[in-house]
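Report on the structure given below.
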Amino acid sequence: MTNNYTYDVIIIGGSYSGLSAAMSLGRALRQVLVIDSGLTCNRQTPHSHNFITQDGEKPAVISAKAKLQVELYKTIHFYNGLAVKAIKNENGFEVSTESGKHFNSRKMLFATGVKDLLPEIKGFADCWGISVLHCPYCHGYEVKNEKTAIIANGEIGFDFAKLISNWTKDLRLCTNGKSTLTLEQTEILKNHGVQIFDDEIASFEHKEGYIQNIIFKNQEKVTVKAIYTRPPFEQHCPLPIDLGCESNEQGLLKVDTMQKTNVPGVYASGDCTTPMRSVAIAVSTGSFAGAVINKEIIDEDF
Ligand SMILES: Cc1cc2nc3c(=O)[nH]c(=O)nc-3n(C[C@H](O)[C@H](O)[C@H](O)COP(=O)(O)OP(=O)(O)OC[C@H]3O[C@@H](n4cnc5c(N)ncnc54)[C@H](O)[C@@H]3O)c2cc1C
């Protein structure tokens, strides 16, 4: 192949997963461009947990430390901005940014994460990641044994209540509209002391993101210290789909065990590929993708 490209790899997304891939590739002497728009999904969370060596650290501090370390590898370059177009051509890929810059590379990695689609409940967005939580492994320990609510319905709600009962028994399930739990599920939850509220939620009363009360449309007020819920999400970046990458029924990019998408030369890692959302997994899959991309280039050239 003639070298009609500037970079071996363009990584779109320069958070935990993208930076981890960049470190693997930098240590493999690759020319890499990391394009990042700076909107990580956990940016409102005061403290990140369950990532060894960084437990309790501020999310932005973890990514700043990561960037400082990756910057030491001189073949890694950074561009702060939004990638808005990616096309495949005979040499590899061309990526365009919102500000009209064009970059080209031989391989591409999407570490672009997902965008949570927060419900219109007043106060929800203010509390997201502070006292309205998506994952007990990330934040459950800090609110163990506290008055807690889960917002979910049906099978998901039942399963979520079962999971969270590991961290607190002071639990209520808010179905936010007519319950779709089966009679058996309702009975089991009641036997475990889980209260069920099926009115729609009007708003959250909170202090600087720390939830105090859930206010229902029927004016009922329930005092809690924490809420768990899993809002719907979409891919943060539409470019992999534009390039022909397939997604699964959950809306996650399909990758094989080597982090390869179905489009030759295009890889994906981190939250955009897995429902197991955690910094540790984003770092792990990014690191692995970096190594696999490097090996693919070696195999093509040797
Ligand atoms: C509220 C909340 C709290 C969390 N708390 C924890 C916790 O305590 N512990 C834990 O382990 N995990 C936690 N997580 C999960 C963790 O934050 C994610 O698993 C992790 O951030 C995923 O890393 P990523 O690199 O895949 O994606 P992200 O961190 O979401 O980063 C994606 C990056 O890609 C960029 N990007 C997207 N599209 C483009 C584009 N077109 N052009 C340029 N850049 C683009 C974005 O701006 C962003 O910087 C939390 C998640 C949430 C939502």
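In what follows, residues are counted from 1 in the order of the sequence shown. Just so you know, ligand 1 is whichever comes first in the structure, and atom 1 is the first atom listed for that ligand.
For ligand 1, the polar-atom distance check against Asp271 finds a nitrogen or oxygen pair separated by under 3.5 Å. Not a single N or O atom of Thr45, backbone or side chain, sits closer than 3.5 Å to an N or O atom of ligand 1. On a distance-only criterion, Asn42 and ligand 1 share at least one N/O pair closer than 3.5 Å. Residue contacts with ligand 1: Gly129 is placed with no nitrogen or oxygen under 3.5 Å of a nitrogen or oxygen of the ligand (distance criterion only). Considering both main-chain and side-chain atoms, Ala280 never comes within under 3.5 Å of ligand 1 through any nitrogen or oxygen pair. Taking any N or O of Cys272, backbone or side chain, none lies under 3.5 Å from an N or O belonging to ligand 1. Checked against a 3.5 angstrom limit, the closest N/O atoms of His139 and ligand 1 fall inside it. Any N or O atom pair closer than 3.5 Å counts here, and Gly38 shares at least one such pair with ligand 1.
The nearest non-hydrogen atom to atom 39 (C) of ligand 1, considering only Ser37, Gly286, Ser20, comes from Ser37. When the heavy-atom distances from atom 27 (O) of ligand 1 to Gly113, Pro240, Ser269 are ranked, the shortest goes to Gly113. For the residues Lys115, His134, Met276, Gln54, the heavy atom positioned nearest atom 51 (C) of ligand 1 is part of His134. Around atom 33 (C) of ligand 1, the closest heavy atom drawn from Val283, Leu239, Val114, Asp36 belongs to Asp36.
Only the side chain of Ile12 comes within contact range of ligand 1, with a heavy atom under 4.0 Å; no backbone atom does. At a heavy-atom cutoff of 4.0 Å, ligand 1 is contacted by both the backbone and the side chain of Ser278. Within the 4.0 Å heavy-atom criterion, the part of Asp116 lying near ligand 1 is the side chain and not the backbone. Counting heavy atoms under 4.0 Å from ligand 1, residue Phe51 does not touch it at all. Under 4.0 angstrom from ligand 1, there are no non-hydrogen atoms of Gln44.
Using a cutoff of 4.0 Å between basic side-chain nitrogens and carboxylate oxygens, Lys144 and Asp170 are not scored as salt-bridged. With respect to Glu94 and Lys88, no salt bridge is recorded, no charged nitrogen being found less than 4.0 Å from a carboxylate O. Under the 4.0 Å criterion applied to side-chain N and carboxylate O atoms, Asp116 and Arg277 are assigned as salt-bridge partners. Using a 4.0 Å cut-off between charged side-chain N and carboxylate O, Glu300 and Lys107 make a salt bridge. Taking 4.0 Å as the cut-off between side-chain N and carboxylate O, Arg106 and Asp8 do not count as a salt-bridged pair.
Identified under the ring pair (Phe, Tyr, Trp, His ring centres under 6.0 Å) test for residues 147-199, with sequence neighbours left out: Tyr137-Trp167, Phe197-Phe216.
Note that CD1 of Ile201 is 10.5 Å distant from CD1 of Ile215, once rounded to the nearest 0.5 Å.
Between Tyr16 and Asn42, the side chains place a donor N or O and an acceptor N or O closer than 3.5 Å (distance only, hydrogens not considered).
Residue contact check: Ile35 has heavy atoms under 4.0 Å from atoms 43 (C), 44 (N) of ligand 1.
The backbone N or O of Ala125 sits less than 3.5 Å from a side-chain atom of Gln44, completing a donor-acceptor pair.
Using the six-membered ring where Trp is involved, His47 and His49 have ring planes that are tilted, between 30° and 60° apart.
Scored by the salt bridge (Lys or Arg N to Asp or Glu O under 4.0 Å) test, Asp299 finds Lys295 as partners (sequence neighbours excluded).
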